[in-house]
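Okay, structure first, notes after.
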Amino acid sequence: MSDPAVIPVPATPVPEWRQYLRFAWNAFSQSVEGGWKFYVWMTLLTAVFLVGANAWAVQVRDGMALTAMSDHVSWGLYIANFTFLVGLAAGGVMMVIPAYLYHDEKMHDIVIIGELLAIAAIIMSIMFVVCDLGRPYRFWHMMPGLGKFNFPVSMLTWDVIVLNGYFAINVYICGYLLYKRFRAQPPVAKMYLPAVFLSIVWAISIHTVTAFLYCGLGGRPFWNTALLAPRFLASAFVSGPAFIIVAIQIIRWQTGRMFGEGAIRTLVSIVRITILISLLMVVSEIFVEFYTGGSHTGAAKYLYFGLHGYHELVPWIWTSIVFTVVAVILFMQPRINRRPLLLNTACLLAFVGLWIEKGMGMIIPAFIPSTLHEIVEYRPSLTEWKITAGIWALGFMIYTLLLKITINIHSRKLKDASGARTITPEDSLAMGDGGV
Amino acid sequence: MNDPAPASPKTPCGGNCSCSGGSTNASPPPGDDGSTRRAVLKGLGATLGVAAYAKALAPLTELTKETSMDEFLQKHYKELSKDEIATVITRLTQEAKEQYGADVTISDPKPQEGVKFGYALNLSICNGCRKCAEACHLENNHDRPSHQSYIRVFEMTKGSMDFEKGNVHYDHPVPQPDKYYMPVQCQQCEHPPCVDVCPVEATWKEKDGIVVVDYNWCIGCRYCEAACPYHARRFNWQKPQIPAPEINPDQSYLSNRIRPQGVMEKCTFCLHRTRNGRLPACLEACPTGARVFGDLNDPASEVRYVLENKRVFVLKEELGLKPQFFYFFDE
């Protein structure tokens, strides 16, 4: 099929920023168009999001007493999700490393799927922190210049910087690459490659800083381990790729275009290693905890076996262990690439297993037993589940729209009407077009 | 270049609905009627959507009753001028009247020059009666239903200093013969981790050694609560409930004024009393004389005598936080 992009050069060139605004508007307005399945999906997500938004509004009005948190367990499901999602955002970069550091050409086309995931995950993680605040409208107290920003002493301020920075970098890269493709121009390497390499370092930093948030607290022995940051990274590089493997297949199924076979193979190879490293680190932690013994083992005992008759977290963590171990076995199958059902099961199990391990399994035990060895248990309240579901729904909405924009542009449903020149086969190669 | 056909086999919408199969740019609209109906439906959807959002977030608007613009824009305590703090205190006094029906006096006593407060507690004679915790509850205008207090008293097993063998929920006559009792409150660390972690500097250590919170600056992230190894910090999970006659009207900005919902609070060594030469409420309530409070910089103070002559220790010394709260034994 011939491409109809041969349009004469306009007499007066439109300034670049106006072109960009037009691109952004077109991209958005087309992304909300779709078939009935799309509208059903989006309506469903909106409904869930609204339930969460309402629960949050009530929580802000009536107080955090609506959560199951207490002075003993002062962080719960929100911070658990926050931690996991920072990892998911960092995991998105696992596409970028093979693509740009190892010049894996087949990955270039797919990289943006990971970067868009990072954008959605960062938005979600920031929302989880906001929902955890007792006085969210005082957020301006944290703005440098306006309020008081306790930098560099508070690790939370570092986290604010790296999360917003990572968000900006990824928005820039995706915005630039999609715009260039929209204009049917090849991207200029020096305009985006530095940002791509920066995003690799930055991805490591967001998860390292998030780990430092916890492991720097001397009063919480369960967190106070140097292994926490490496553990976070290893598990992030499982959950990110696992999500993307499934996302690629969903996009294929929705667009009817076969692409990304090589990318999936690469991602599976990555997960095979990272999931083992992640598991090794968990085993290593468990060994140190239980072989050493002493009262600092209380949290680990509580988590894995229950303590003094309290065992709220035991079903959670054993679900996680079983899921992760089964995922490891599945990922080790030599032919898993050719068996989508097995592959997707493995990805889902790994994803859920790590969501538990790094969320409820990592945050809650640090508070049980408390610093004075009291045991007060925690089971998330309905309000917390509603808000959590709402934020995940919003995340899926954002990711869906971002992917739709990308697909529209890549399939040239969305393109610059005033395209100044014809796209040539060389250009499309340079852009790594993967329409296999 | 492999341009996909607009109507590939898997395009979701190939049916007889009015949508254009996802290829809105390429194909002409199905007809004037179709596009009008589509526009109407979209408009309806958008209106319903906006209405749903407004409804969902409506509870937020009820907050404005309790959160004035002045409160929202209020500066950090350390940046308030004398006039500004006076205005703030007037507003807080009015709020106490409006919301709790109580006439209160809110002062803002400053640290005394050259004074550094320290607290010592005699474990040999503390009998676990929890009068200190009760006095704290009343003095500091704590939430009544939760029976909040800055002090937790542990019944410890003789022969062990391990809190794991302690019990805070004991309910029998005290003292028991095989037990000893250990009240724990804010240790007013020399290197307070709660202050380090606060992202907005809403908590800090004053010159006289007291760690305070600006309740109107705290964002309620509870990072300090996670950082404190002594379980000294408390969060206002909801608006404190106190009947008007029970409200202690002698209040100060940095200590026992009624706290807003959603912010942190903690023991302030009753600075509204101690900075004016009085003793902390928990000390006055103690029937055994186990508690000793004073100026660590004054060689003649009782607390200095204890530090120099008794067998003194601090909790969790290995963490290196240098508590200014000391425990000691008589013999």
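Chain letters run A, B, ... following the sequence lines, proteins first, then strands; residues in each count from 1. Heavy atoms only: backbone and side chains are in, while hydrogens, waters and symmetry mates are out.
A donor-acceptor pair is defined here as one N or O able to donate and one able to accept, closer than 3.5 Å; no such pair exists between the side chain of A:D62 and the backbone of B:Q238. A donor-acceptor pair under 3.5 Å links the side-chain atoms of A:N150 to the main chain of B:C198, judged by distance alone. With A:R135 contributing its side chain and B:Q261 its backbone, the two residues share a donor-acceptor pair below 3.5 Å. Formation of a donor-acceptor pair under 3.5 Å by the A:W56 side chain with backbone atoms of B:L57 is not found in this model. Here the side chain of B:K316 pairs a donor or acceptor atom with the backbone of A:T371 at under 3.5 angstrom. Checking side-chain atoms of A:R138 against main-chain N and O of B:C218 turns up a donor-acceptor pair under 3.5 Å.
When every heavy atom of A:S295 is checked against every heavy atom of B:E164, the shortest pair comes out as CB-OE1, 3.7 Å. Contact between A:K148 and B:E201 at its shortest, heavy atoms only, is CD-OE1, 3.5 Å. Across A:A57 and B:A56, no two heavy atoms sit closer than the pair CB-O, 3.8 Å. Nearest heavy-atom pair, B:A226 versus A:R220, reported as atom, atom and distance to 0.1 Å: O-NE, 2.7 Å. A pairwise comparison of heavy atoms in B:A227 and A:L217 identifies CB-CD2, 3.7 Å as the closest pair.
Using a 4.5 Å cut-off between heavy atoms, A:F49 touches chain B through its side chain atoms alone. With a threshold of 4.5 angstrom between heavy atoms, B:K165 does not approach chain A through any atom at all. Residue B:D162 touches chain A through its side chain alone, counting heavy-atom pairs closer than 4.5 Å. For chain A, the nearby part of B:Y230 is the backbone; its heavy atoms alone come within less than 4.5 Å. Residue contact with chain B, scored on non-hydrogen atoms closer than 4.5 Å, involves the side chain of A:F367 exclusively. Looking at B:V197, the atoms closer than 4.5 Å to chain A (heavy atoms on both sides) sit in the backbone and in the side chain alike. Looking at B:E318, neither its backbone nor its side chain comes within 4.5 Å of chain A, counting heavy atoms on both sides. Within the 4.5 angstrom heavy-atom criterion, no atom of B:L48 approaches chain A. For B:V184, the part lying near chain A is the side chain, with the backbone staying farther off; criterion is any non-hydrogen pair under 4.5 Å.
Surrounding CZ of A:F28 are at most 12 heavy atoms belonging to other residues, nucleotides or ligands under 6.0 Å away.
With respect to chain A, the highest number of heavy-atom pairs below 4.5 Å among B:C228, B:A52, B:P199 belongs to B:P199. The residue among A:H373, A:H308, A:H141, A:Q59 with the most heavy atom pairs within less than 4.5 Å of chain B is A:H141. Interface remark: of the candidates B:S146, B:P229, B:P59, B:A202, B:P59 forms the most heavy-atom pairs closer than 4.5 Å to chain A.
Considering only heavy atoms from C-beta on, B:F235 stays 4.5 Å or farther from A:M69 through its side chain. Contact annotation: the side chain of B:V200 never approaches that of A:F149 to less than 4.5 Å [non-hydrogen atoms, C-beta and beyond]. Side-chain atoms of B:I219 and A:M142, non-hydrogen and from C-beta on, do get closer than 4.5 Å to each other.
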For this session: Decide ring pair (Phe, Tyr, Trp, His ring centres under 6.0 Å) for B:H231 and A:H72; before the verdict, give the C-alpha distance in whole Å, the side-chain angles of both, and the deciding distance to 0.1 Å.
Result: CA-CA 8 Å; B:H231 191 70; A:H72 289 87; 4.3 Å; yes
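With respect to the salt-bridge test (charged N to carboxylate O, under 4.0 angstrom), the residues B:R222 and A:D132 qualify.
Put simply, OG on A:S74 and OH on B:Y223 are 11.5 Å apart, with the number rounded to the nearest 0.5 Å.
Classified by interplanar angle (parallel below 30°, tilted 30° to 60°, perpendicular above 60°), the ring pair A:W140/B:W217 is perpendicular.
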